[in-house]
There are 2 protein chains.
Amino acid sequence: MNIDNFDSFFPHLTSRNLKKGSFIYEEGQGPSGIYYINHGLVGLYHLAENGKETFLRVFGKNNLLGHRSYFCKEKYHASSQAITNAEITFIPQEDLEIYLGQNPNSLRQILAQVASDLGRSELRMSGRHDKSAGGRIIESIVFLKLHYPDQLWTRKQIADYSGSTFETVTRVLNKLEKDGDIIKNGRDFSIISVESLLEKAGQY
Amino acid sequence: MNIDNFDSFFPHLTSRNLKKGSFIYEEGQGPSGIYYINHGLVGLYHLAENGKETFLRVFGKNNLLGHRSYFCKEKYHASSQAITNAEITFIPQEDLEIYLGQNPNSLRQILAQVASDLGRSELRMSGRHDKSAGGRIIESIVFLKLHYPDQLWTRKQIADYSGSTFETVTRVLNKLEKDGDIIKNGRDFSIISVESLLEKAGQY
DNA sequence: CGTTAGTTTGAGGCAGATCAACTTTGGTGG
DNA sequence: CCACCAAAGTTGATCTGCCTCAAACTAACG
């Protein structure tokens, strides 16, 4: 939860319904406010010229979106896209600043969130070199499944999150099922033991 | 500059002199305040169990250090080490909170810094997969040399910053000199044209 | 001027990306 | 409810960037 008492503070703002796959903003644009996710999932993606995608962050119910660029006054460094159908509310700069003025504690909460995300990002960056692809894939499925258990994550999404390819994700998933760490059903799968997986990720 | 009027606000705090190579804090410890760098350079490093190091961030004169962990109430996710002889001041939680209460704008400045660092970190993470080692090395020497021109960066430091190895850095540097983009003198080198380098980084 | 930390250069190997062909899933509309 | 089909997943074969290992060289400092 990133904003306290959202509904009571912004009763005049209207939400927008997004279909799965639609974009909220794109890399290079400049923010004029921030977004609040009423429900649904949104992903932040960086797309390189050569077509390679990196899945940077996931945003869910009650999360803020677009706040990083807003607070450092930069253009968006990545694009945000609805992973599921979603409902979001845009909070224009004017309303946001009034809210921040009346809720001095909220800035501290946002700072805590961004600071935590920075740590996570730096550890993921480190993992790109001090861990194998398999280890990163295991950590990624643990993260994605634990935080968003109801979501069916595709091999491509797991690959883009872990810094790998969907073929390699397939192979790792097959091995994990053979080892009894996960159970596949259809395109989805469920984790048998998080502890066992994380232990295996370290060995990789 | 991360803190306005540092000297006038904390006249009672004493600074500490650090020799090149000494550690300020280590991964896993919990912060009880933050550090202010009076002068010198400090590096933030993540060290993996298999010995691989990642050079996460550089801190220079008047920068804050250790603020990320402080504000999200996490343990340090990496270790900070003096790159040069340095002088730093520890600001205990108590003093810091008084300062923040009297300078509401400072929190916003720190948030802007952390938000900017998050963007940079995520783009570096993306670059680990959508750029070649050569491209990342070129971007790294441009960043390090432009921001800290007086520092002699070793091949190892450039490698750990770019996500590569010092042998590969050597080879890239040799090629860049052959192409006339840099001039080596001793262990150091100077950049002839930033534009030319960045263009080359994209092609890699 | 000795020492050591840093650099250079070459050779070889491999993790995992890439390419390709095929199969399965699950949603859609008739 | 079934037939269809696009999207997602599987599997195997190949290829390569750059990491790793090794050995010699050199700058820079006390």
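Shown here is B:L100, whose CG atom has more than 12 heavy atoms of other residues, nucleotides or ligands within 6.0 Å. Within a 6.0 Å radius of NZ in B:K156, more than 12 heavy atoms belonging to other residues, nucleotides or ligands are found. For A:K73, the NZ atom sits in a loose shell: 12 or fewer heavy atoms of surrounding residues, nucleotides or ligands are nearer than 6.0 Å.
In this structure, A:L173 atom CG and D:dA8 atom C1' are separated by 13 Å, rounded to whole Å. Put simply, CD on B:E177 is 13 Å from C1' on C:dT8, counting in whole angstrom units. A straight line from CH2 of A:W153 to C1' of D:dA7 spans 18 Å, rounded to a whole angstrom. The CZ atom of A:R155 sits 16 Å away from the P atom of C:dA17 (whole-angstrom rounding). The NZ-P distance, from B:K156 to C:dT8, rounds to 16 Å in whole Å. Here C:dA15 presents its P atom at 21 Å from CZ of B:R128, a figure rounded to the nearest Å. Rounded to an integer number of Å, the gap from CZ of A:F189 to C1' of D:dA8 is 14 Å. Going from atom CD of B:E53 over to atom P of C:dG6 covers 11 Å, rounded to whole Å.
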Identify each atom pair where a protein N or O and an N or O of nucleotides 1-5 of chain D are less than 3.5 Å apart, giving names and distance.
none

Distances under 3.5 Å between nitrogen or oxygen atoms of protein and nucleotides 27-30 of chain D:
residue: D:dA27; atom: N3; partner: B:R187; partner atom: NH2; Å: 3.2

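Residues A:Y35 and A:F59 keep their aromatic ring centres 6.0 Å or farther apart. With ring centers used as reference points, A:F10 lies 6.0 Å or more from A:Y36.
Side-chain atoms of B:N103 and B:F9, non-hydrogen and from C-beta on, do get closer than 4.5 Å to each other. Residues B:I88 and B:I37 are in side-chain contact: their nearest non-hydrogen atoms beyond the backbone lie under 4.5 Å apart. B:Y25 places a side-chain heavy atom less than 4.5 Å from the side chain of B:L44.
Helix bend of the helix from C:dC1-D:dG30 to C:dG30-D:dC1: the angle between its two end axes, each built from five pairs, comes to 50° after rounding to 10°.
Distance alone, capped at 3.5 Å, places no donor-acceptor pair between the A:R187 side chain and the A:R155 backbone. With hydrogens and angles ignored, the 3.5 Å screen pairs a side-chain donor or acceptor of A:R136 with a backbone N or O of A:K131.
Within residues 158-172 of chain A, the residues approaching DNA chain C are A:S164, A:T165, A:E167, A:T168, A:R171, by heavy-atom distance under 4.0 Å.
Within the structure, every side-chain polar atom (N or O) of B:K131 is placed at least 4.0 Å from both OP1 and OP2 of D:dG17. Taking side-chain N and O atoms only, A:K184 has a distance below 4.0 Å to OP1 or OP2 of D:dT10. Contact check, A:K175 against D:dT10: no side-chain N or O comes under 4.0 Å of OP1 or OP2.
The list of side chain to side chain donor-acceptor pair (under 3.5 Å) pairs with a residue in residues 81-94 of chain B, not counting sequence neighbours, reads B:S15-B:E87, B:N38-B:T89, B:H39-B:E87.
Nucleotides of DNA chain C nearest to B:H129 and B:K20 differ in position, and the one nearer the 5' end is that of B:K20.
Using a cutoff of 4.0 Å between basic side-chain nitrogens and carboxylate oxygens, A:R124 and A:D117 are not scored as salt-bridged.
In this model, a donor atom of one side chain and an acceptor atom of the other lie less than 3.5 Å apart for A:N174 and A:K184.
Residues passing the salt bridge (Lys or Arg N to Asp or Glu O under 4.0 Å) test with A:E74 are A:R68, sequence neighbours excluded.
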